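Written below as structure tokens is the structure these notes are about.
All values below come from the heavy atoms of this structure, side chains included, with hydrogens, waters and symmetry mates left out. Because the structure is predicted, anything quoted here is derived from the model rather than measured.
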Amino acid sequence: MAYWLMKSEPDVYSIDHLRSEKRKTDHWDGIRNYQARNFMRDQMQKGDLAFFYHSNCAEPAVVGVMEIVSEAYPDHTAFDSQEKYFDAGSDPDNPRWVMVDVKFKKKFKTPVTLADIKAQKKLSDMRLVQRGNRLSILPVTPVEWRHILKMAGES
DNA sequence: GCCAACGTTGGC
DNA sequence: GCCAACGTTGGC
């Protein structure tokens with residue numbers, strides 16, 4: 001069982017979008033970064049938990065929790081030239097990109113903002129707050145996980 | 001294999 | 001909208 005943080009721009013896809021999906025479940029498509037892909041492909045497991053993080057917005061923050069409910073499988077949006085994340089270099093017989101299914105678990109009453117996280121000395125090693133980290137999928141340690149839940153008033 | 005040019009991410 | 005920090009691409 002591992003913990004993760006997954007970023008999404010709320011204007012594009014927010015935690016409310018995920019919550020309003022049928023069965024509160026959706027696929028996490030559009031990852032086009034090898035490091036992020038490798039995390040999904042090699043390390044993510046069904047039953048893992050992930051923070052939903054709103055990025056590139058007025059108040060960047062961890063806004064809730066979701067569960068990984070599938071293994072990694074090919075991201076079909078890479079094969080469709082009409083798709084934003086189309087990749088002509090991804091061969092359907094040997095897919096370059098993968099995605100996982102995620103299920104909404106909870107939305108925090110109080111989001112834990114990036115500013116809040118940066119203000120916590122104990123979280124200064126979090127990959128999220130290290131200089132210039134643009135990875136959209138990041139591992140979170142159990143200690144960091146519990147700390148942020150506490151900050152959200154969820155424990 | 002190097003590296004300049006270019007594109008993207010994401011905080012501010 | 002700006003810009004720093006990266007990741008990727010492609011010429012050589």
Summarise protein proximity over nucleotides 7-12 of chain B in one line of letters, 5' to 3': B for base, S for sugar-phosphate only, - for none, counting protein heavy atoms closer than 4.0 Å.
BBBBBS
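The side chain to side chain donor-acceptor pair (under 3.5 Å) check on A:Arg19 picks up A:Asp16, with sequence neighbours excluded. Applying the side chain to side chain donor-acceptor pair (under 3.5 Å) test to A:Glu9 and every residue at least two apart in sequence or in another chain returns A:Asn56. Here A:Glu21 pairs with nothing under the salt bridge (Lys or Arg N to Asp or Glu O under 4.0 Å) rule; sequence neighbours left out.
Among residue pairs with one or both ends in residues 52-68 of chain A, those qualifying as salt bridge (Lys or Arg N to Asp or Glu O under 4.0 Å) are A:Glu67-A:Lys105; sequence neighbours excluded. Residue pairs meeting the salt bridge (Lys or Arg N to Asp or Glu O under 4.0 Å) criterion with at least one member in residues 138-155 of chain A, sequence neighbours excluded, are A:Lys106-A:Glu154. Sorted by first and then second residue, the salt bridge (Lys or Arg N to Asp or Glu O under 4.0 Å) pairs involving residues 70-89 of chain A (not counting sequence neighbours) are A:Arg32-A:Asp75, A:Asp87-A:Arg96.
The end-to-end axis angle of the helix from B:dG1-C:dC12 to B:dC12-C:dG1, rounded to 10 degrees and based on five pairs per end, is 10°.
Cluster partners of A:Phe86: none. The rule joins Ile, Leu, Val, Met, Phe, Trp and Tyr whenever side-chain heavy atoms lie under 4.5 Å apart, and it links nothing here.
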